[in-house]
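This report refers to the structure that appears directly beneath it.
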Amino acid sequence: MAFWQLRFTVVAAFLAASFAFSAALAADTKRVLLLHSFGRDFKPWSEYARSIRTELDRQSPWKLEFLEHSLSSALSDDENPEGPFVEYLRTLFVKRPPDLIVSFGAPAAAFVQRRRQQLFATTPMVFTAVEQRRIQHSSLTDNDAVVAVAHDFPAIIENILRVLPDTKTVAVVIGESPNEKFWLGEMHRGFAPFADRISFIWYNDRPFVEILKHAGALPPHTAIYWHGMSLDAAGVVHEGETALSRLYATANAPIFTFDGSFFGREIVGGPMHSVLNLSRQTAAAAVRILGGEKAGELKIPASKFATPIFDWRQLQRWGISESRLPAGSEIMFRSPTVWEQYRAYILAVIAAILIQSALIFWLFYEQRRRQRAEILARNTMSELTQVNRMATVGQLSASIAHEVRQPLAGILANAQASLRWLEKANVEEVREGLKGIVSDGHRAGDIITNLRAMFKSDVQEKTRVDINKVVLSVLALARIDLHKHEIELQTQLDDRIPEILANQVQLQQVILNLVMNAIESMSSSQTRVLRIKTALSQTNTVHVSIEDTGMGIKESDLARLFQPMFTTKERGMGMGLSICHSIIETHGGRISASPRANGGSIFQFELPTVASKIKQPELV
């Protein structure tokens, strides 16, 4: 039993707390009555109402309860329907009056001022979205605040003439409601200073259907001023944006207006009232009043036209240059340019093009640099080849001198013998002596020719060459060095080897370099044997090997043996074997070195034969 009593107590406490919270929440909620002039969808007041309500929600620290009602009787001059409407509002709010009343437009303001004593005489009131001339300032009470605007009709015509200086006619669109009749008179006075410059067409006394027909056939250099169309001359009510949209679809002239609530599609633009600015002022005044300030103490000056704004689309349609717009004007709805729409893509493409261009430039630069390097390398190699050739020939000077001295000695001996045989009239002996002279002369000439070829630096021509003859010619040059160093020469030349296509002088240089290296390597050896072999390999290539019994080659040096500037000699340049490697590769061959099993080294190279070079394209 105690448990159920405890449970009932908890539930009761919870309900009491909930009711107390609801009551506190109701006390914190502010009730705001929004009173519309014609209805919730009549421009321009409908736009101000929506914007002010949004601003109130944003600025208010309290929760707001909005109650909206419309003064439908404002479309007529008859005030009799106001009585029932007043009684309806009094009955609706008899128990709990609103905390604040906000009226939109001149008709609502006039209604409230007429019925102020009957409708919530002590409830604070804010008149907004109303022109200052429509407020009866003498009838304002201490509970009334005004957030008004100030129309400037001359500024509207000046704007039209500024952006369209050839304008000759302005057609004025306005309705026949009481409020619109008031502004018709005000516009006649405001436009009067321009009567000598332009003519005016007034549409207030025409049904809207007739207005549309006439607006579609306006003369050139005509502009349309839209003030509003709540009730036309035929008694037809026009709500929302329908009337302006129909006029825009039919008219053949640009449309201007006084209020920013109409701006956004049909209107060209210019100085107009700002919906947002007035909404913020109204919401700020309402929050101050709800916070306890006296409404009558708020003195807010009437808002004038805001900074001119223009619709870029209408400027394009009517050919209006942006240079004609007032200073400081803002252009809205501008279509983004290709750059603005695709800036990221354009930048990416430009970046890609620049990168590709840089890569292409770099590739061209590297290609030219490589070409220059190759030319320089070829020139350097050619110079080094010549230096190497001269150095080699310098080393063989003794052999050369001996080789030349022998045929010269033979020529001298044969000449002296021939002279003696002539004295004895021995014709056969003289003939043999002269033949010897000729033979020795040819031999000396060949030696000189070979020497000249060895010294030439531009030898590039390739001919059919017998590799065995090249080997023998080199051995003839090196014979003295072989004899001086007591080196045993062993040759094994295959006489079946076919001719190869090569540069004879360059091959002589290769073989001579390898032979001289072998001689120098064996200078300190006990056993000195130089073995030279030529053979035709199974791959139809000529194989040449030069084997010595000298110092040999270290395993660690094999990989660098043919690299430039590498040498194992104390005074070597390190270019001889590198030049040999380059020459053999130029001839399409291969050169290699390896240590000999019993000490010494083996250098060998292979060169393609003429037949293999001819058949090679067929294999491809």
Side-chain angles (χ1 to χ4, degrees), residues 32 34-60 64 66 68 70 100 102-109 126-135 145-153 155-156 159 173-174 179-180 183 225-230 238-245 247-248 255-287 298 300-314 326 328-333:
V32 180
L34 304 180
L35 189 60
H36 300 275
S37 286
F38 296 146
R40 298 179 60 180
D41 294 323
F42 279 83
K43 278 195 172 185
W45 305 295
S46 57
E47 293 299 315
Y48 283 99
R50 277 191 286 269
S51 181
I52 289 172
R53 182 168 177 169
T54 300
E55 281 296 317
L56 275 171
D57 277 331
R58 188 180 67 85
Q59 296 185 25
S60 174
L64 300 178
F66 293 102
E68 299 189 57
S70 300
L100 177 68
V102 180
S103 70
F104 300 99
V126 176
F127 299 92
T128 188
V130 59
E131 214 276 342
Q132 59 182 354
R133 282 170 279 189
R134 300 293 282 149
I135 296 293
V146 179
V147 184
V149 298
H151 294 344
D152 188 351
F153 292 116
I156 295 170
N159 174 64
V173 180
I174 189 170
N179 182 62
E180 290 166 325
W183 287 117
Y225 170 65
W226 170 270
H227 190 83
M229 180 59 65
S230 301
H238 299 274
E239 295 186 55
E241 303 176 354
T242 305
L244 179 58
S245 298
L247 177 67
Y248 175 74
I255 305 174
F256 297 83
T257 191
F258 72 100
D259 198 277
S261 62
F262 298 112
F263 183 78
R265 190 169 72 93
E266 300 89 355
I267 304 300
V268 173
M272 297 176 289
H273 294 302
S274 170
V275 175
L276 181 60
N277 291 346
L278 190 72
S279 299
R280 288 175 176 173
Q281 286 183 339
T282 302
V287 169
L298 301 182
I300 303 171
S303 298
K304 298 181 179 180
F305 286 154
T307 301
I309 57 174
F310 291 87
D311 191 323
W312 182 86
R313 299 164 298 184
Q314 297 302 317
S329 298
E330 297 182 17
I331 300 177
M332 312 295 289
F333 312 114

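Just the heavy atoms: all of them, side chains too, but no hydrogens, waters or symmetry mates, feed the values below.
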Kindly give the heavy-atom pair with the smallest separation between Ser329 and Phe310, and that separation in Å.
-> OG-CE1, 3.6 Å

List the atom of Trp45, the atom of Gly105, and the distance in Å for their closest heavy-atom pair.
-> NE1-CA, 3.0 Å

Could you list the donor-acceptor pairs under 3.5 angstrom formed by side chains in residues 268-280, with sequence neighbours left out?
| from | atom 1 | to | atom 2 | distance (Å) |
| --- | --- | --- | --- | --- |
| His273 | NE2 | His151 | ND1 | 2.9 |
| Ser274 | OG | Asn277 | N | 3.2 |
| Ser274 | OG | Asn277 | ND2 | 3.4 |
| Ser279 | OG | Ser51 | OG | 2.8 |
| Ser279 | OG | Val275 | O | 2.7 |

Return the minimal non-hydrogen interatomic distance between Phe66 and Arg53, and the atom names on each side.
-> CD1-NE, 3.4 Å

Gln132 and Ala150 have their tightest heavy-atom pair at NE2-CB, 3.5 Å

Contact check, side chains of Met229 and Val173, non-hydrogen atoms, under 4.5 Å = yes

Please answer whether the main-chain N or O of Val149 pairs with a side-chain N or O of Ser303 as donor and acceptor at a distance below 3.5 Å.
-> no

Parallel, tilted or perpendicular: rings of Phe262 and Trp226 (30°, 60°) | perpendicular

Tell me, do Arg134 and Asn179 make a side-chain contact under 4.5 Å, heavy atoms counted?
-> yes

Report yes or no: do Tyr248 and Glu241 form a side-chain donor-acceptor pair below 3.5 Å?
-> no

For Glu47, the salt bridge (Lys or Arg N to Asp or Glu O under 4.0 Å) test, sequence neighbours excluded, returns Arg50

Between CG on residue Leu34 and CG on residue Leu100, distance to nearest 0.5 Å = 8.5 Å

All side-chain hydrogen bond (donor to acceptor under 3.5 Å, both in side chains) counterparts of Asp259, not counting sequence neighbours = Tyr48, Ser261

Measuring from Thr257:OG1 to Tyr225:OH, what's the distance to the nearest 0.5 Å?
-> 5.5 Å

Side-chain heavy-atom pair Asp311, Phe263 within 4.5 angstrom cut-off = yes

Less than 4.5 Å apart, any side-chain heavy atom of Ser245 and any of Arg265?
-> yes

Can you see which heavy atom on Thr307 is nearest to which on Gly328, and at what distance?
-> CG2-O, 3.2 Å

Roughly how far, to the nearest 0.5 Å, is CG of Leu56 from OG1 of Thr282?
-> 8.5 Å

Would you find a donor on one side and an acceptor on the other, under 3.5 Å apart, between the side chain of Gln59 and the backbone of Ala284?
-> yes

Phe104 versus Thr128: any side-chain heavy-atom pair under 4.5 Å?
-> yes

Say whether, by atom type as modelled, one donor and one acceptor occur between the side chain of Glu180 and the main chain of Ser230 under 3.5 angstrom.
-> yes

Could you tell me whether the side chains of Glu68 and His36 share a donor-acceptor contact shorter than 3.5 Å?
-> yes

Closest non-hydrogen atom pair between Ala109 and Val130, with its separation = CB-CG2, 4.4 Å

Check whether any side-chain heavy atom of Leu64 sits under 4.5 Å from a side-chain heavy atom of Asp57, and report yes or no.
-> yes

